[in-house]
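Below, chains carry the letters A, B, ... as their sequence lines are ordered, and counting in each starts from 1.
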Amino acid sequence: MKKINETHTVGPLAAFFIPQAMQIGVGFLSFASVVTKASGQDAWIAVLISGLSTLLVMWFILRLLENERKYGTPDLFSVHYRIFGKRIGAILNFLSFLYVIGFSVAYLRSIIEILQVEIFNQLSTLSFSILFCLIVWYIVIGGIRNILGVCLLSFIYLVPVFSTAIFVVPHAHFSNLLPIFDHGLQDILSSSFVSTFAYLGFEFLLFVYPFIKSPKDAKKWAYFGLLTTMYTYLMIVLLSILFFGQGELQNTIWPALTFWKSVRFPFLEHIDIICVIILLWNLVPVISLCSWVLARGIKFTFPNVKMKYSLIGILILTIVLTVLIQNGEQVKQVGALINNSGFIFIYLYIPLLLFCQWLKKILSGESA
Amino acid sequence: MKRKITLTSLFLCFIFLAGCIPTSIIDDILIIEGEGYDYIGNGKVIGTITMPNFVQSGNQGSQGAGMPTTASMIRNLSGKTYDGKSLVDKFQSEGQRVIRPGKIRLILYNKRLAKHGLAKQLTFRNRDPDVPRDLNLAIVDGSCKELLTSENYQTQIPIARYVQDMIIHNNEQNYPDSDLSTFLYAYYGTYMDPFMPIIRKKDDHIEMRGLALFKRDKYVMSISENKAFIFKMLYQNFNQGVYDFQFAPGKHIALRNVHTSVSYNVRNGNSTSPEIFAKVKIIGQVRQAYPGSISKATAPRMERKLERDLAYQAKKLVHQLQKKGIDPLQLGDQVRSFTYHFDGKSWPERYRQAHFHCKISVKIQQTGISS
Amino acid sequence: MFWKKKRLDQVDPDTPVKTIADLINQLKSNPDFTHFKHKGETFTCWVSFIQTMVDVDYIHRDIFPVLYSNRVHNIADAQATLPVEKIIRTKDMAVIQSKLLEGFIIIQENENRPDCLVIPSIKAQGRQVDQPEIETSIIGPRESFIESIDANINLVRKRIPIPQFSVEEMRVGKMSRTRVCILYVEGIANKENLNTIKQRITDLEIVNLIDATNLALLIADNSNSIFPQFLDTERPDRVAGAMCEGKIAVVVDGSPTALILPSTIVEFFAAYDDYFLAWPIASSYRLLRLFAIAFSAASSALYVAVLTYHYQLVPKDLMGTLIVSRSSVPYDPIIEVLLLEIMIELLREAGARLPTKVGQTIGIVGGIVIGTASVQAGVTSNILLIIIAMSALAAFITPNYRMATTIRFIRFPFIISAQILGLLGVALCFMAFVCHLIKLTSLGRPFIEPIYPVRVTDLKDAYIRLPLNQQTMRPLFLRSGDAHRSNQKRLLAKKGKHSPDIDE
């Protein structure tokens, strides 16, 4: 792998915005009702626990990548090649491709589903995904710097969406939070297992890391980004519990949307439509980064294929896969599949990889 | 350059592909503002919808010449259908334009339907993503159809707006908040029951008649307006109500509260007879009083009287609710929030035996500008 | 890219003419070319100049008396005696030709030998320094650039009278041979920027350069973009201010505007007045301007989207007003909007093309008569008329004319996408534009800089303008040679101690 050109690197703030943009997605619309299923009003503890666990995983990831730095490019692809050899490494890379494309397809399709439910019932999945992928194509051909720009803007645009939460306050039922710690550890843990899905996405740092300037500062920002996500989710869960109460929460598929329906401005009503549309901004960085990672991975495996050509293939594949998912039930299934594999990926595979790396170091150290 | 042209044409092509979405142009649709359901027995209802007719006559634009092209030539439609049917679908065949439910302000049910149960109506309304959550619900004492379609009101404004304004305004005063959002909160909530205001057509206008209390989706009892103050006092913090206190036969004073706050405490939540303590603080003014009944000196005495009366009324109200087995004050939820490992299964039984204690402190801040 | 082609002077086929005799023969047929032999007592020479280009009075008064006097014996004497600075003695045909055509006088001893004196005597013709007409300001300096490059450089230089102020001149245009000057403050302006701009200008392959804005289009980073990437201004104070920040200015002869580069998008929305007002006021005006621009670009598209697809968004009480105003309109919202938008564009174009006095009349006639009439005829709704008029007004708030045209142009894609996919279409269109802006660079520097990449110090003078004494840093995106505008420590020291308490 060639050394990365200085002009294509991004500042340490990328470690904040990239995981942030990848994590917060359509998941948060349904997040509150899923998480409170098992542990009711104590769900916020579960969210806190799984949020803190992501910090640990982030530590693993950064450790893995920092150890790798002296051997070459610190990203997942080259880690695979170095530790497991070319053949097994290629298979593992292929598996991670599958995960990445699944991540982007599941995401794209679920936001299209929400658009179809909330705004246009007749919106065609095909034409919307084509339009959308054209925009993504335009961004990705600009390279990682543009993707980071989109991540940052999506963060800025989502701030007003989240600040609508202030309208909960006059309708908050504070007694809904009491009694605290009423649920057993098992309930809380099962809730926090469910809530880890919402945190998925920060593992994309594994692919972007070599492009980040001054990784020392980046570390701090990476943790800070995770904390921000945790704070956001915590607020969503707390406010949903305050606003809805358990009975209604379990009856609602997308609590956030339902909440937005009852917010009223003097000059606007039905802000759920506007909020859903702003959420599209969250989609842009996710799909762009996924496509970029795939294109880069393909170039890593087959150095002759130029990224700008493989990108078109990837986007067409994304569109085809998106169209293949037909109804809400399938969207759910694909989402669950991606969530489970993501869970395995970050909580089992990454520690394992770190261990393998350590093992390899020990073994080679003895032989040398 | 050639590549750019192909790309642009592709882009345009897909834009037109995406462009096959049915429109709902604001003046080419029938916007429902109010719905009414009258139960006539046997699973049948008479449904009524009203649509505002914004353009009453030829408007300035057409110089009074042609007929305005606006949609709402029809002001209301009603007809018989089965219970739980969406009225939008039912009346589409009678509307000259597409009927859209996105701006419903008001849904009315008659008392008979409320006794029969509202579950079907509520579920389909809650399922429709188009329907706003800040609409108001009310029970009609009489016929919804008559209330919605009558021509002999004093005012010309659309009836749904009239009723909704009335309800919202009253909710700021003696009546507790009662939009769809609040109703559904209590309806789906576990240890609580919903309520909505009752309205009635009275000759050439409409009036609020009190609060209808539900057991799940079924109407159980109603309380009057003066009691609604007591209800609201126990239900939420508020600041604009008026309580009319008859301290001796034929002698009244009216307490206008400046601020009322309520807090609960619960002891022995899981015992057979939990004890619920309500603590209400009222800061108020007197603007209307029987001559000579109140002054700076006598105010404290009147405060004590008011406290005793309010506490008595509150206890009486709660007792009444307990007897009927309904819990619109959400006392069950209060008990749950104070109790670890709350025993929810036996709660309906224990609710009837719960002891309700009420401590009220009234502070009259001001008695007006003349003594 | 066109500027990467071969250098101009290598390709230029018809200059220079081989010998001086050829040149004189070529010009002889022109009635304004004067070429005669002067035979004095001590000195004989050939004098040639173009009458329309030189200051004839000056020649008669100051040059000929010297040539005719007895003190001059040869051409070297003439050079020493003539009361003119910067006399060049040269044999270089290229110099002779270009100088002659610019309005210099050529004096030869021998008609056929290229050895000659080149004496400057350019006729200064052109208008006086005038008030700015596009970027007017209520307070502050009232000088604006004129068509003479020397006067323009003078206007800037007198504001930065330091030796580091540097001017580099080059000529652009095969036929126009327009003088283009790059102005910068040495040590502050970034070297890399300077080289890029020089490279781009020298690489230009054009016949004729008319104006600075024309040059801006030619050297833009992305010439397909609808966004202007270099700021053009007619205010010398603005140019001087920008140069002190470390930017580079380009002035073109015959053009009353200067380019400031590199620039970021927020600069296009900053009026120079902002620096003359107290910072809270200036900041709120900037915010007002930004809001107006957002309104101008989006309002009619939002009208189309909401009225065509999203009736739910309209507040209950506005519903009636909207429906009544639209009730007699026979068209869909999109037709109605396009009708009015195009009408406003026509009015604007007519106002710009017509003589000033007629233009004003057209504005009034168009605005009042056509507007009211179309509402009364029931072709458009009066709410829309208000919206369109306001958005037209808001577009003209943009201090920069080229940006204002961009803002007005942007509306149309927005309106069309609003018709196709409602608010979703508006969002997608917005996304496309924002992604384009993220990609855009100005002289290789990011165009939307204080936002992305985030530079907190630059945000102090972007959407809002914080007090000037807090702006101790030069804009970071310029990578200026000297990042600090003022020494923070000294600044604090001068301020003295804060008083420890009230009245102490």
| Can you tell which of His173(A), Glu118(A), His183(A), Gln250(A) has the highest number of heavy-atom pairs within less than 4.5 Å of chain B? | His173(A)
| chain A heavy atoms under 4.5 Å from Gln334(B): which part of the residue, side chain, backbone, both or neither? | side chain
| said: So which residue, Ser181(B), Gly102(B), Gly189(B), ends up with the most heavy-atom pairs under 4.5 Å with chain A? | reply: Ser181(B)
| task | Please flag which part of Asn176(A) lies under 4.5 Å from any non-hydrogen atom of chain B: side chain, backbone, both or neither. | result | both
| request: Would you mind checking which part of Thr182(B) comes under 4.5 Å of any heavy atom in chain A, side chain (CB onward), backbone (N, CA, C, O), both or neither? | output: neither
| query | Can you name the one residue among Glu275(B), Lys279(B), Arg267(B) that meets side chain to side chain donor-acceptor pair (under 3.5 Å) with His357(B)? | reply | Glu275(B)
| request: Sort Asp182(A) into side chain, backbone, both or neither according to what part of it lies under 4.5 angstrom from a heavy atom of chain B. | output: both
| message | Let's test your reading of the structure: which of His171(A), Glu269(A), Gln246(A) forms the most heavy-atom pairs below 4.5 Å with chain B? | response | Glu269(A)
| message | Below 30° counts as parallel, above 60° as perpendicular, anything between as tilted: where do the rings of Phe243(A) and Phe259(A) land? | response | perpendicular
| Using the ring of each side chain (for Trp, its six-membered ring), is Phe231(B) parallel, tilted or perpendicular to Tyr235(B), with breaks at 30° and 60°? | parallel
| field | Contacting moiety of Arg127(B), where chain A heavy atoms sit under 4.5 Å | value | neither
| request: Measure the acute angle between the ring planes of Phe183(B) and Tyr187(B), then classify it against the limits of 30° and 60° as parallel, tilted or perpendicular. | output: parallel
| query | Tell me, side chain or backbone of Thr258(A) under 4.5 Å from chain B's heavy atoms, or both, or neither? | reply | both
| task | Hey, could you give me the CH2/CD1 distance between Trp292(A) and Ile287(A), rounded to the nearest 0.5 Å? | result | 16.0 Å
| task | Heavy-atom distances under 4.5 Å only: say whether Phe244(A) touches chain B with side chain, backbone, both or neither. | result | both
| task | Report, as yes or no, whether the 6.0 Å neighbourhood of atom OH on Tyr309(A) holds more than 12 heavy atoms from other residues, nucleotides or ligands. | result | no
| Does a side-chain N-to-carboxylate-O contact under 4.0 Å join Glu248(A) and Arg133(B)? | yes
